[in-house]
**Q** 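After the structure tokens below, expect a handful of questions from me.
Only heavy atoms go into these numbers, but all of them, side chains included; no hydrogens, no water, no symmetry mates. Residue numbers start from 1 in every chain, and the chains themselves are labelled A, B, ... in the order their sequence lines are given, proteins ahead of strands.
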Protein chains: 2
Amino acid sequence: MKTAYHHGDLKNALLDAADEILLSKGLQGFTMRACARLANVSHAAPKHHFGDINGLLTEVAMRGFDRLVALLQNKMQPVMGDLHAQMYAVGLAYVEFAEAYPEHFRIMFRKDLLSYDTQSPPRQIAVTYATLTNVVLRHRGEPEISEIESMASLNGEVIKDIFMCWSNIHGYAHLRLEGQLNSIPEETHLKILQENTQRLSDLVQRRAA
Amino acid sequence: MKTAYHHGDLKNALLDAADEILLSKGLQGFTMRACARLANVSHAAPKHHFGDINGLLTEVAMRGFDRLVALLQNKMQPVMGDLHAQMYAVGLAYVEFAEAYPEHFRIMFRKDLLSYDTQSPPRQIAVTYATLTNVVLRHRGEPEISEIESMASLNGEVIKDIFMCWSNIHGYAHLRLEGQLNSIPEETHLKILQENTQRLSDLVQRRAA
DNA sequence: GTTGCGATCTTGTCAGTGTAAAAATAATTG
DNA sequence: CAATTATTTTTACACTGACAAGATCGCAAC
């Protein structure tokens with residue numbers, strides 16, 4: 001069980017430590033050794049579980065995608081009847097996630113920090129894709145997909161719609177996170193998001209008709 | 001003049017070295033000491049010109065914004081008569097810049113790496129803003145602004161239009177850069193960009209009417 | 001059981017990093 | 001030419017990621 005050696009659940013303890021450090025000190029203060037210190041293990045302990053620092057960051061990012069999906073579904077769940085409200089919920093969840101976990105958000109979209117095959121992405125990313133895709137599919141009145149099914153099963157029009165919506169929402173969240181929208185007064189932000197998602201929702205519905 | 005001490009133009013030499021390292025080794029291999037080595041000076045020489053590593057990265061990023069603006073204007077210049085072609089040129093320039101200078105693009109939008117006051121951004125960022133803003137103003141048939149004038153001189157509708165367009169284009173370029181759009185076949189990318197910018201162009205024109 | 005083996009963790013080490021302080025050298029100013 | 005300032009080097013330090021070798025533990029096979 002739990003002895004001096006053999007922590008028992010060191011991997012998750014290290015990931016929790018990583019989250020905590022990212023939230024408090026940011027990516028600057030984030031080091032493998034700092035994670036090890038916070039988990040009360042030696043500096044080389046993480047190596048066995050994650051290989052190198054990119055391995056650690058990859059798993060941190062995947063837990064980030066898990067949180068993002070949870071937030072997305074949480075915000076959409078009460079408004080499943082209203083298509084525009086769904087799209088708005090996606091935008092809202094996205095922006096709020098970026099604000100709550102800024103460093104996680106950055107890491108999740110840093111190809112150079114993540115070590116997974118971009119051609120066959122891990123489960124968490126597939127689930128994120130599927131969640132966003134299903135919003136579009138509901139708009140179009142088409143059957144939803146599970147995260148197991150590949151995007152290849154979708155026709156070109158759907159894919160275009162997905163990435164049109166996603167680009168818009170992602171770009172807004174990203175620019176906002178990085179301080180490029182500071183000239184916008186705070187109360188205007190929600191209005192912009194509302195209008196943008198309204199337009200996206202309309203466009204996707206109209207295209208499907 | 002040029003002696004063993006007193007390089008003469010060390011600052012620019014270091015920035016050139018920084019560009020070269022970013023293009024060849026990426027942000028991972030980018031260190032102050034590596035830049036110093038490439039410029040044939042001691043490892044502490046950059047300190048006097050840039051303070052710390054964020055100071056160096058900030059100036060690297062500003063030169064990146066210069067290049068981005070140059071590319072934007074270069075692509076728009078032949079199509080100033082066609083509004084949609086202008087918007088498409090913006091999207092194209094943005095995507096091409098991200099592809100040609102991926103690490104610069106990342107750094108330019110990393111608040112944690114840049115040390116400037118986000119409330120009063122440096123000239124290069126103001127010029128970028130102004131360039132994008134003027135595209136929208138031309139769509140609306142309103143007089144253009146110079147980079148000296150603040151965004152505060154614009155009404156709320158214009159600001160919404162700007163950031164709607166920018167979010168879309170930026171998000172697309174960013175997701176593409178970070179490998180999140182790899183499921184899209186290569187030849188489809190330009191079509192999506194074309195359709196998206198067409199819609200943005202239409203929306204902004206219609207709103208102005 | 002106990003023997004062995006693989007998984008897990010520690011210790012020690014190495015080259016490399018950013019930053020600071022002090023010294024050395026050059027350019028500029030008076 | 002003297003003094004001051006700007007630029008660069010040298011030296012030093014604490015820290016990092018990675019590696020190798022060893023210590024300890026869990027567990028399966030016998």
Side-chain angles (χ1 to χ4, degrees), chain A residues 1-22 24-61 103 106-107 110-116, chain B residues 1-22 24-61 103 106-107 110-116:
Chain A
M1 280 285 122
K2 185 175 170 174
T3 65
Y5 271 77
H6 290 74
H7 179 286
D9 193 19
L10 181 55
K11 187 168 180 178
N12 283 314
L14 286 170
L15 287 171
D16 290 341
D19 282 345
E20 188 176 331
I21 290 174
L22 279 179
S24 59
K25 318 246 182 231
L27 194 52
Q28 304 273 0
F30 179 88
T31 64
M32 295 193 85
R33 289 168 109 106
C35 294
R37 274 193 296 270
L38 195 55
N40 284 314
V41 290
S42 78
H43 66 261
K47 163 148 185 156
H48 182 261
H49 295 279
F50 303 104
D52 58 4
I53 194 172
N54 278 25
L56 172 53
L57 284 171
T58 302
E59 304 229 18
V60 168
E103 298 288 359
R106 292 192 180 103
I107 294 167
R110 284 277 304 278
K111 204 173 55 172
D112 57 325
L113 293 185
L114 307 181
S115 47
Y116 68 86
Chain B
M1 277 284 123
K2 185 174 170 172
T3 65
Y5 271 78
H6 290 73
H7 178 287
D9 193 19
L10 181 56
K11 187 168 180 177
N12 283 314
L14 286 170
L15 287 170
D16 290 341
D19 282 344
E20 187 176 331
I21 290 174
L22 278 179
S24 59
K25 319 249 180 228
L27 193 53
Q28 304 273 2
F30 179 88
T31 65
M32 294 193 86
R33 289 167 109 107
C35 294
R37 274 193 297 271
L38 195 55
N40 283 315
V41 289
S42 79
H43 67 264
K47 166 155 179 147
H48 180 261
H49 296 279
F50 304 104
D52 58 3
I53 194 171
N54 278 25
L56 172 52
L57 285 171
T58 302
E59 303 227 21
V60 168
E103 297 289 357
R106 291 192 181 102
I107 294 167
R110 285 276 305 276
K111 203 173 56 173
D112 57 323
L113 294 185
L114 307 181
S115 47
Y116 67 86

**Q** Go through the structure and list residues passing side-chain contact (heavy atoms from CB on, under 4.5 Å) with A:Lys111, not counting sequence neighbours.
**A**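 Listed in chain order: B:Arg106, B:Glu178.
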
**Q** Mind checking side chain to side chain donor-acceptor pair (under 3.5 Å) for B:Thr31 and listing every partner two or more places apart, or none if nothing turns up?
**A**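 Checked B:Thr31 against side chain to side chain donor-acceptor pair (under 3.5 Å); zero matches.
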
**Q** Could you state the atom-to-atom distance from CD of A:Gln28 to P of C:dT17 in whole Å?
**A**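 Atom CD in A:Gln28 sits about 17 Å away from atom P in C:dT17.
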
**Q** Taking all non-hydrogen atoms of both residues, which atom of A:Cys35 and which atom of A:Ile21 are closest, and how far apart?
**A**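 Taking A:Cys35 first and A:Ile21 second, the nearest heavy atoms are N-CD1, 3.6 Å.
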
**Q** Taking all non-hydrogen atoms of both residues, which atom of A:Leu114 and which atom of A:Leu57 are closest, and how far apart?
**A**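 It is CD2-O, 3.9 Å.
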
**Q** Compare side-chain N and O positions of A:His48 against OP1 and OP2 of C:dT8 and report whether any pair is under 4.0 Å apart.
**A**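 So the side-chain polar atoms of A:His48 do come within 4.0 Å of the phosphate oxygens OP1 or OP2 of C:dT8, strictly under.
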
**Q** Starting the side chain at C-beta, find the nucleotide from D:dA18, C:dT10, C:dG18 nearest to A:Val41.
**A**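 It is C:dT10.
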
**Q** Tell me whether the side-chain N/O atoms of A:Lys47 come closer than 4.0 Å to OP1 or OP2 in D:dC19.
**A**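 So the side-chain polar atoms of A:Lys47 do come within 4.0 Å of the phosphate oxygens OP1 or OP2 of D:dC19, strictly under.
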
**Q** How far apart are the closest heavy atoms of A:Arg110 and A:Leu27, and which atoms are they?
**A**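 Result for this residue pair: NH1-CD2, 4.2 Å.
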
**Q** Which letters describe nucleotides 10-15 of chain D, given B = protein heavy atom under 4.0 Å from base, S = only from sugar-phosphate, - = neither?
**A** BBB---

**Q** Measure from NZ on A:Lys11 to P on C:dC9 and round the result to the nearest Å.
**A**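 So the two atoms are 12 Å apart, to the nearest Å.
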
**Q** Considering all heavy atoms of both residues, which atom of B:Ser42 and which atom of B:Pro46 are nearest to each other, and what is their separation?
**A**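 Minimum heavy-atom contact is O-CD, 3.8 Å.
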
